[in-house]
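Here is the structure we will look at, set down as structure tokens.
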Amino acid sequence: MAEKPKVAFYWCASCGGCEETVVDLAEGILEVVEAVDVVLWPVALDYKLKDVEAWQPGEVSVAFINGAVRLSEQEAWVKLLRAKCPLVVAFGSCAHLGGIPALANDKSRRAILANKYLHSPTVDNPQQVLPQEASRVNGYDLELPRFWDEVRTLDQVIEVDYYLPGCPPPSQSVLAAVEAILAGALPPKGSVLAPEKSLCESCPRKDSKEDRFSIAEFRRVATSIPDPQTCFLAQGYLCMGPATRSGCGERCLHGNMPCRGCFGPPPGTRDQGTKMLGMLGALGEADTPAAAAASADGLADPLGTFYRFSLAASLLNHSRCREEV
Amino acid sequence: MGQRITINPVTRLEGHGKIEIFLDDAGDVERAFFQVPELRGFETFCLGRPAEEMPRITPRICGVCPTSHHMAATKCLDDLWKVEPPPPARKLRELVYNTFMVEDHYIHFFFLGGPDFVVGPTAPPAERNILGVINRVGMEVAGKVIRVRRECRQLIETVAGKVIHPVFGVPGGVSRGIDEAQRTEFLKTAQLAIEFAQFALELFDDLVLKNDRYLDLIRSDAFSHRTYSMGLVDENNRVNFYDGHLRVVTPEGEEFARFPPRAYREHIAEHVEPWSYVTFPYLKNVGWKGFVDGPASGIFRVAPLARLNAAEGMATPLAQAAYERMYDVLGGRPAHATLAFHWARLIEALYAAERMEELLEDFDITSQDIRNVPTAAPEEGVGVVEAPRGTLIHNYWTDERGMLTRVNLVVATNHNAAPMAMSVEKAAKGMIRGGEVSEGLLNTVEMAFRAYDPCFACATHSLPGQMPLHITIYNAQGRRIRTIRRNP
Amino acid sequence: MTEERFEPRIAAFLCRWCSYTGADLAGTSRIEYPPNVVPIRVMCSGRVDPTFVVQALAAGADGVLVAGCHPGDCHYQSGNYKTMRRYPLLANLLEQFGIERERVRLEWISAAEGDRFAAVVRDLTEKVRALGPLHWKGAPPARYRTAPADREEVHAHG
Ligand code: SF4
Ligand code: SF4
Ligand code: SF4
Ligand code: FES
């Protein structure tokens, strides 16, 4: 009997949703367990660094790594997995692009600590105690790891062969990826394992908009009700569809909410945010600089909207010269 | 100081928990610390974002209970924009929420807590996992667990858009409704869930309650803490996961406080320690007295057992009967046995399943009147729900455009952080004497821990499940003298 | 006696029909303007993807000028209107990233406005000089991605 291929799952700064999506294969999980041997899965199996160190290079065919990278410990783990596994797949938005935790790259580490432990409305902390990397309490020495100033994508730390996008990736695309790997039917290295088109191209609402339409004014779901059939952008709600890759099953759109871009930029796009910004320019109606400025001001929080999931991977990620809240 | 013991579970969620145990010269436990070594800064990086995005951002705090954050955030937006959802929207939210409680509680009971009871605390470690549970209860039951979970999660996905990180919550309602065909289909899921909840309680009866050894374990002092209990209750002081007032009872079961969510800051404060990133909430009007229990210490507990303690009953008939029975067996309310959290969890799952059915039997739930658009200017909002792991509080402040200027989140695992630290210390003290570290330590500590379903480990919900632990013992000079591993 | 002065680097995206010709005119008419500008000829201001502007900043520019035909004069009819709408969005975005909006400027410069081109460049150079160099927060970490996407992009927009 031929040995089953071995696969590893690892997580860095993860919310656990990427693990749940694997569990959500439900009965389908049996299919996976049938076909492969899961040799590392910290969420469910106890394996230590030294077990992995003992692997022969190539013995484990593929490592699926989710979560962004924020601690040296995580860096050590992913470098080791890279050295041992011929294939590394960045699993989920966090590993792919930084994900939501990377919004922290917009704030300083100092502000994060101060906000949480000094200025929180419920914290009672007259001594201004902050968690310390090393502390001594009644003679006991205790340590906490230091987290980096910034959250990184997996490919900012190691070389990545494939990307499985989404927050989290849908269970079915996990299954498809595993099958493609088993069958050796993989696209060129560096590819994103999702369709080569934008979300708008597969959106059920795509025919509801005119070929050329324009946005008179931005609207927010907080203060108005989107029509459940019409294209969000055509209604004036910011929808990241044009700057997002297809493949999620249009999940949010079925929930009658606009896309926030978790599948990352569409093919051929380096930066999801500036791509979206470029699109919006084409859709506006303003024909004077003043009107254009007014309309732009109607779009609340471009950074947090355009880069909801991709701040760590953005061109501007390192531009910040400031140290304030 | 003699030895120092480090327990570093590799599992993590809200950061991986880490335990440090210090022994005195005689080799007895002096002090144990429970540390959470991660901080992600949601309160800070959400600033400047539009408030209505919070139900879509905060679920990423935890992918195991994203629905709790989604719902707390959505309710916070109602309060922020001073708008009430129309009744059908409220029912849809409650439906999604109770469905989520059902599947989350089962997965915890069978896959995480189950090994302790179903297989037994003294069974060989190799069997004390989900596979052992399956062996014991049979493939048919295991298949049922998977089926209930799948159906519940499909319901959530249909109504809320996504099951992991839902999207349907908006201020004053929800973004989509359901039709009659869906209602009838979901009703079947609800009935399956009720049936299964009853079955699970029977199983618990057979395997645990009829077994004196287990019963003694549940009642044993090693796992008890006499703390205050807190939970959401409805107007009749019955358990409610989605809405109501927060009620706190004393370790003796007297009502200590009952307040609307808005008033939470008058009652709850957080203590900071330099050795953990997690804060330790306590009752402001009692005060922080350190890691001790009793009526003079402001430490309180949340999550299933605490919720049942803090209430006077369940709002549905079958769950009410189960509630009465539990307190009969445990000798009255409140109960402090940490391991009874598992029992309480099954009673709550039964209530949630009954509530699903109630909501789905009401035709109004298919109405398309699902949104009230806010007209007031936003300012401050508070949203509270009961997450599977306890009370979850979201509190936002915005400018007049609804852009966040301040965010305060007190999550379930926060509330239980101090009790967990105490339970761990108590378990360690019971197991380590004269420098002899019992092999049973690992499992006992783990059980103390697991009863709370702590968020950083709750991903062990999933598959072959026992929390991997790794204990290292150092001598006073810091040299490693012994390592114990907790896995086969 | 020379004083060390900060010499900002400015990338100028100039539409070939109007602004580039205007810049040429400034040169041939020997109108003085600071040498800090690196002109980049594009077909139309509407073809200046905001990504280019950001890439220029990331590549070391301290300021960026985007110049096109006056409204109504664009050879592709609405190219410059697109640019007009993108510009404040981009400035808002850059501001959130801590990059002063004054570092990026949009101007309409016709083929005949050599003097205007020179004046704009002088003014922008002085303003950016006053702001100082654009500080990036450390070097970006090495990026290991060899995604075809990256390479394609050059053709897609180039
Ligand atoms: S990609 Fe989404 S689901 Fe996966 S770890 Fe990140 S936040 Fe969680
Ligand atoms: S903009 Fe959004 S709603 Fe419109 S077609 Fe694209 S994905 Fe669909
Ligand atoms: S619609 Fe957009 S945000 Fe939602 S799952 Fe799909 S790609 Fe992600
Ligand atoms: S051709 Fe000059 S701006 Fe379009």
Side-chain angles (χ1 to χ4, degrees), chain A residues 13 15-21 23-24 26-27 42-46 48 99-101 103-104 106-107 111-112 115-117 120-125 129-132 135 137-140 142 144-145 147 167-168 220-226 228 251-252 254-257 260 300-301 304 325, chain B residues 1 10-11 13 20 22 31 33 35 37 39-41 43-45 47-50 52 56-57 60-64 66 146 150 153 160-162 164-165 167-168 170-171 175-176 265 268-272 274-277 279 371 373-374 401-403 408 410 459-460 462-465 468 487:
Chain A
C15 78
C18 276
E19 319 289 329
E20 287 277 330
T21 200
V23 180
D24 277 346
E27 289 87 347
V43 67
L45 307 166
D46 183 20
K48 297 291 174 188
I100 281 188
L103 284 174
D106 179 39
K107 313 285 176 187
I112 287 174
N115 238 333
K116 175 87 187 165
Y117 303 108
S120 149
T122 33
V123 159
D124 182 25
N125 189 3
V129 172
L130 287 180
Q132 302 292 324
S135 58
V137 182
N138 305 334
Y140 306 119
L142 294 157
L144 285 173
F147 55 93
C167 180
R220 285 164 63 178
V221 290
T223 43
S224 48
I225 303 179
R251 298 182 285 192
C252 304
H254 287 300
N256 197 23
M257 291 293 270
R260 285 295 171 258
D301 185 28
V325 175
Chain B
M1 182 185 76
V10 289
T11 51
L13 209 54
E20 295 276 1
F22 293 89
R31 180 80 200 269
F33 293 88
Q35 297 178 273
L39 172 70
R40 282 174 296 167
E43 286 97 334
T44 305
F45 72 62
L47 300 180
R49 318 267 94 95
E52 70 269 25
R56 302 186 72 178
I57 294 177
R60 272 76 182 187
I61 290 173
C62 174
V64 179
I146 293 178
R150 180 171 36 75
R153 287 175 81 87
K162 282 169 78 205
I164 304 173
H165 312 319
V167 301
F168 81 143
V170 281
S175 64
R176 55 154 298 164
R265 295 200 304 275
I268 297 168
E270 293 170 83
H271 171 79
V272 182
W275 44 267
S276 184
Y277 285 118
T279 55
R371 185 81 200 274
V373 174
R401 292 178 72 199
M403 307 299 280
N408 197 36
V410 192
T460 19
S462 33
L463 272 180
N487 236 33

Return yes if some donor-acceptor pair links the side-chain N/O of A/K107 with the main-chain N/O of B/L47 below 3.5 Å, else return no. yes

Looking only at heavy atoms and a cut-off of under 4.5 Å, which of A/T122, A/V137, A/T223, A/N125 has the most pairs with chain B? A/T122

Between A/S135, A/G99, A/C18, A/A222, who has the most heavy-atom pairs with chain B when the cutoff is under 4.5 Å? A/A222

Can you tell me which portion of B/V373 sits under 4.5 Å from chain A's heavy atoms? Options are side chain, backbone, both or neither. side chain

Sequence neighbours left out, what passes side-chain contact (heavy atoms from CB on, under 4.5 Å) with A/H254? Give chain and number order. A/P204, A/E250

How many angstroms lie between OG1 in B/T44 and CG in A/D106, if you round to the nearest 0.5 Å? 11.0 Å

Side chain from CB out, backbone as N, CA, C, O: work out which of these in B/I268 comes under 4.5 Å of a heavy atom of chain A, or both, or neither. backbone

Which atoms of A/L130 are under 4.5 Å from chain B, going by heavy atoms: the side chain, the backbone, both sets, or neither? backbone

Below 4.5 Å from any heavy atom of chain B, which atoms of A/D124 appear? Answer side chain, backbone, both or neither. both

A/S224, part contacting chain B, at a heavy-atom distance under 4.5 Å: backbone

Give, as side chain, backbone, both or neither, the part of A/P121 having an atom under 4.5 angstrom from any heavy atom of chain B. both

Within a strict 4.5 Å, meaning less than it, do heavy atoms of the A/E20 and B/R153 side chains meet? yes

Structural part of B/P50 lying under 4.5 Å from a heavy atom of chain A: both

What part of B/R60 lies closer than 4.5 angstrom to a heavy atom of chain A: side chain, backbone, both or neither? both

Which residues satisfy the side-chain hydrogen bond (donor to acceptor under 3.5 Å, both in side chains) test with B/R150, sequence neighbours excluded? A/E27

